[in-house]
Every structure is written in C-alpha cells, then in structure tokens.
Amino acid sequence: MKELTFPTDLQPLRGTWDVADDIRIANVQKRDIYRAPTEPSFVAWTILWKESSGDIKLSFAEVIGDLRSWPPAKLFRNNNIEAYLKTLVSTDGGEKWTDTGWREDFVEEKDGCVDHHIRHVFELPDGKLLRSYFKVAGDGLIFKRPVSTYNEHKVGTDFPFDYDHTKPVDHQHEVSTISTSDSGGRSWTEIYKGDRPPYFWMTGIHLLADGTLVAIGGTWRDHRKCHGVPGKDWQYAIIESKDQGRSWSDPVILAEDDDELNPMLFTEECDFVELDDGQLMIIHRTGGAGCCRQQYLKRDAAGTWQPGPSVINRALPHSGYPYLHRASDGTIFYYS
C-alpha cells in the first residue's frame with residue numbers, strides 16, 4: 001500500500017471535479033481472489049456487477065497456454081492458446097469468492113483478441129441481466145486494418161506502446177450486440193445485433209432513471225473504414241432504446257473528428273453517468289496521450305440530446321478505457 005499524491009499544479013474544473021491534496025488508501029485491503037489453475041496464463045479485462053439479490057459477480061478474460069513467442073504478438077494467433085470468459089460470484093459482499101464454473105469461449109474470428117469489450121453488466125427491472133458485446137458481423141464485409149508489429153527499439157523508451165502499425169490487411173468488421181440473461185449470467189441470449197448501417201460501436205451503456213437505455217460511442221462516415229486506419233472518420237454519437245435493448249434509435253451525432261478541441265482524434269472509448277438533474281456527464285478518451293474530453297448532455301424541449309461545452313480535462317489520468325461509477329451518495333469515481 002502507498003499514499004497517492006496529486007501534482008500541486010492541478011486545478012479543479014468548476015462544477016465538476018475536486019482535486020484533493022492526497023488520497024489515503026492505507027486502510028484498503030489488497031488481496032488476490034483468483035489465480036488461473038495452470039501456468040503460463042493470465043487474466044484481464046474484468047466486469048463487475050451487483051444484483052438485487054446482493055450477489056456480486058466478476059467476469060474476466062482468462063487465457064491459458066504457452067504464450068512464449070518471438071517476436072511477441074499483440075493478438076494471440078497460436079493454436080495452443082485457450083481464451084474464454086470466466087465468472088466468479090460472492091454472496092457476502094466480496095469477502096469470499098467462488099468459481100461458478102461457467103465458461104464462454106471467445107470466437108476465433110476476433111483474430112485472437114481477448115478484449116471482449118464488455119464494460120457494463122446490469123440488472124433490468126424484470127430481473128434479467130443485460131450486456132453489450134462486440135462480435136464479428138458475419139455479413140461478408142471486409143475492410144483494411146493495420147496489424148500491430150512488435151518494435152524492440154521502443155522497449156524502455158517513452159513510447160507507451162511497444163508496437164508499430166504495419167500495412168493494413170483484410171479484416172472482418174465487428175458490430176455491437178445486446179444480450180440478456182435470465183440465469184444470472186450462466187447463459188446469454190442475443191436480442192439485438194447492430195449489423196446494418198449506420199454501424200455504431202456501443203461503449204458506455206447505462207439504464208437511466210426513467211427506464212431508457214442509453215449508449216454512447218462511435219460511428220463512422222464510411223462504414224468500410226470502421227475501426228480501421230486512424231483518420232478523421234469517427235463521429236462521436238449517442239443512441240437510445242425504449243424497449244430494454246431490442247431496438248435502438250439512429251445515432252445522434254454529438255461531435256465530429258474535425259473538432260478543434262480534439263486535435264488528436266477520437267476513439268470510440270467513453271463512459272458516462274446520469275446526474276440528479278437528468279444530465280449525462282461523459283468522459284471520452286481521445287487518441288492523444290494526456291487528453292480526456294469531458295462533456296455534458298442535456299435533453300432539449302423536444303427530448304433530443306444536446307451537447308454542452310466540452311473541455312480537455314488534463315486532471316484525469318489518460319490510459320485505457322474510461323470507466324465511471326456514481327455512488328449512492330452522488331460521488332463519481334473515475335478509473336482508467
């Protein structure tokens with residue numbers, strides 16, 4: 001355990017974040033709750049949720065097999081690798097955890113990527129669980145996507161990523177799906193697949209107080225470039241569902257990638273929370289180191305979401321996928 005100290009030159013943004021002198025975490029117990037049964041292996045990309053019964057569940061990607069290869073690969077294309085989603089459960093508030101024994105294999109068409117892109121699982125009013133999940137569309141659409149190739153000269157330097165993007169290769173595009181579970185997460189039934197233009201990648205997805213499902217993420221001017229070569233192709237957008245995820249509205253564009261406030265390009269990665277007044281507060285990751293975009297959305301008289309002013313908030317750590325959680329006392333926690 002250690003004490004975390006913020007830089008003294010950080011200033012709070014009015015009406016949003018407070019910057020404390022320090023945050024003491026010495027009274028927080030850190031402990032392992034699971035280790036893969038075989039070596040070599042690793043676990044990553046966790047999803048945590050609580051159900052009305054009080055049960056807490058934790059799902060994560062588990063990868064087992066011989067990961068040794070040279071040069072290292074960002075994605076796993078080794079036939080000896082097994083990658084799947086595993087789920088643990090706790091019935092006592094997180095003190096003890098039990099392996100449910102559930103296993104959900106990742107499809108091979110994802111090029112060996114074990115990032116499932118499931119960020120939130122939550123319970124619907126009817127007791128079913130809901131989640132979003134990226135899957136290969138299966139519609140024959142192929143686009144060009146760069147392959148990440150290991151660059152040993154970046155190791156130990158200021159580059160945060162030890163890979164280069166090489167010449168793009170053919171890739172099957174992926175789409176967002178919505179699935180529900182009436183078995184507490186043991187099995188899932190797909191109820192929606194976003195495999196028709198305009199293609200939209202749901203990233204932040206939450207159930208609002210009025211029962212509306214809202215998802216924020218990215219769409220593209222040209223679907224043939226979806227999640228392809230970096231460039232000014234992204235559109236930052238919002239969609240919503242009135243029938244618990246079975247159908248969704250067309251994307252409402254909130255910002256373009258030519259926004260002067262966002263010179264380092266969008267990614268689809270964002271998360272949001274609903275405030276007491278109905279506004280949505282969003283943190284959106286950009287493509288540049290040290291840059292997170294903060295923005296508010298509010299419905300107008302016609303019920304359409306309208307974006308408010310946005311800022312690049314350098315007080316927020318920039319790393320991976322932004323994650324937000326609003327506690328019952330109104331405190332908003334940000335993790336990246």
Side-chain angles (χ1 to χ4, degrees), residues 29-51 55-123 129-136 147-148 150 161-163 171-172 174-190 201-203 205 227 269 271 319-323 325 335-336:
Q29 182 183 14
K30 179 181 178 181
R31 58 190 173 89
D32 293 335
I33 64 172
Y34 176 81
R35 286 188 64 88
T38 62
E39 293 292 347
S41 61
F42 76 86
V43 296
W45 289 295
T46 58
I47 319 112
L48 182 72
W49 73 92
K50 187 175 183 179
E51 299 173 6
D55 289 354
I56 302 174
K57 288 183 178 148
L58 179 72
S59 289
F60 50 87
E62 180 170 82
V63 181
I64 61 174
D66 191 350
L67 307 178
R68 293 172 296 179
S69 63
W70 195 266
K74 178 175 180 284
L75 304 180
F76 304 110
R77 298 180 176 86
N78 187 329
N79 293 331
N80 296 322
I81 298 297
E82 292 184 66
Y84 46 85
L85 203 65
K86 180 183 280 289
T87 302
L88 309 182
V89 62
S90 173
T91 60
D92 59 4
E95 289 296 321
K96 297 178 182 178
W97 292 87
T98 303
D99 186 348
T100 62
W102 306 343
R103 170 169 168 155
E104 187 174 351
D105 291 321
F106 295 122
V107 294
E108 294 180 0
E109 289 84 356
K110 286 178 67 67
D111 286 341
C113 182
V114 298
D115 186 353
H116 42 69
H117 293 275
I118 305 170
R119 305 305 176 188
H120 296 283
V121 175
F122 49 86
E123 193 169 0
L129 299 180
L130 181 142
R131 75 179 188 191
S132 62
Y133 187 17
F134 290 127
K135 292 184 178 179
V136 172
V147 175
S148 297
Y150 180 67
F161 189 60
D162 299 334
Y163 295 83
H171 184 82
Q172 298 185 63
E174 299 170 18
V175 295
S176 293
T177 67
I178 296 292
S179 297
T180 59
S181 173
D182 58 8
S183 60
R186 177 188 296 273
S187 60
W188 294 86
T189 300
E190 185 177 296
W201 271 39
M202 304 179 187
T203 49
I205 177 171
H227 211 261
E269 299 176 0
D271 203 3
S319 178
Y321 190 102
Y323 181 91
H325 178 79
Y335 171 79
S336 178

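With hydrogens and angles disregarded, no donor-acceptor distance shorter than 3.5 Å links the side chain of K86 to the backbone of A36. Looking at T87, its side chain never comes within 3.5 Å of a backbone N or O of T100 through a donor-acceptor pair. At distances below 3.5 Å, not a single donor-acceptor pair connects side-chain atoms of S90 with backbone N or O atoms of I56.
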Could you go through I118 and W45, starting from their C-alpha distance and side-chain angles, then the distance that decides it, and tell me whether this counts as side chain to side chain contact (heavy atoms under 4.5 Å, CB included)? CA-CA 8 Å; I118 305 170; W45 289 295; over 6 Å; no
Would I64 and Y84 count as a side chain to side chain contact (heavy atoms under 4.5 Å, CB included) here? Give the steps. CA-CA 9 Å; I64 61 174; Y84 46 85; 3.8 Å; yes
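Nearest heavy atoms, S132 versus I205: OG-CG2, 3.8 Å. V43 approaches F60 most closely through the heavy-atom pair CG1-CE1, 3.6 Å. Nearest heavy-atom pair, L85 versus A61, reported as atom, atom and distance to 0.1 Å: CD1-N, 4.0 Å. The minimum heavy-atom distance between G94 and W97, with the atom names listed, is O-NE1, 3.0 Å. Nearest heavy atoms, S179 versus E190: OG-CA, 3.5 Å.
Applying the ring-ring contact (aromatic ring centres under 6.0 Å, His included) criterion to Y323, with sequence neighbours excluded, gives H120. S176 meets the side-chain contact (heavy atoms from CB on, under 4.5 Å) test with F134, W201, M202; sequence neighbours excluded.
In this structure, OG1 in T180 is found 12.5 Å from CD in E123, a value given to the nearest 0.5 Å. F42 CZ to E62 CD: the interatomic distance, rounded to the nearest 0.5 Å, is 10.0 Å. In this structure, L58 CG and I47 CD1 are separated by 7.5 Å, a value rounded to the nearest 0.5 Å. To the nearest 0.5 Å, atoms CG (D55) and NZ (K50) are separated by 10.0 Å. In this structure, OH on Y133 lies 5.5 Å from CD on E104, to the nearest 0.5 angstrom.
For the residue pair E51 / W49, a side-chain donor-acceptor distance below 3.5 Å is found, with atom types taken as modelled.
The 12-atom threshold is exceeded at CZ of R103, counting heavy atoms of other residues, nucleotides or ligands nearer than 6.0 Å.
Side-chain contact between V121 and W188: present, with at least one pair of heavy atoms (C-beta onward) separated by less than 4.5 Å. Side-chain atoms of E269 and P322, non-hydrogen and from C-beta on, do get closer than 4.5 Å to each other.
Pairs engaging residues 34-48 under the salt bridge (charged side-chain N to carboxylate O under 4.0 Å, His left out) rule: R35-E39 [sequence neighbours left out].
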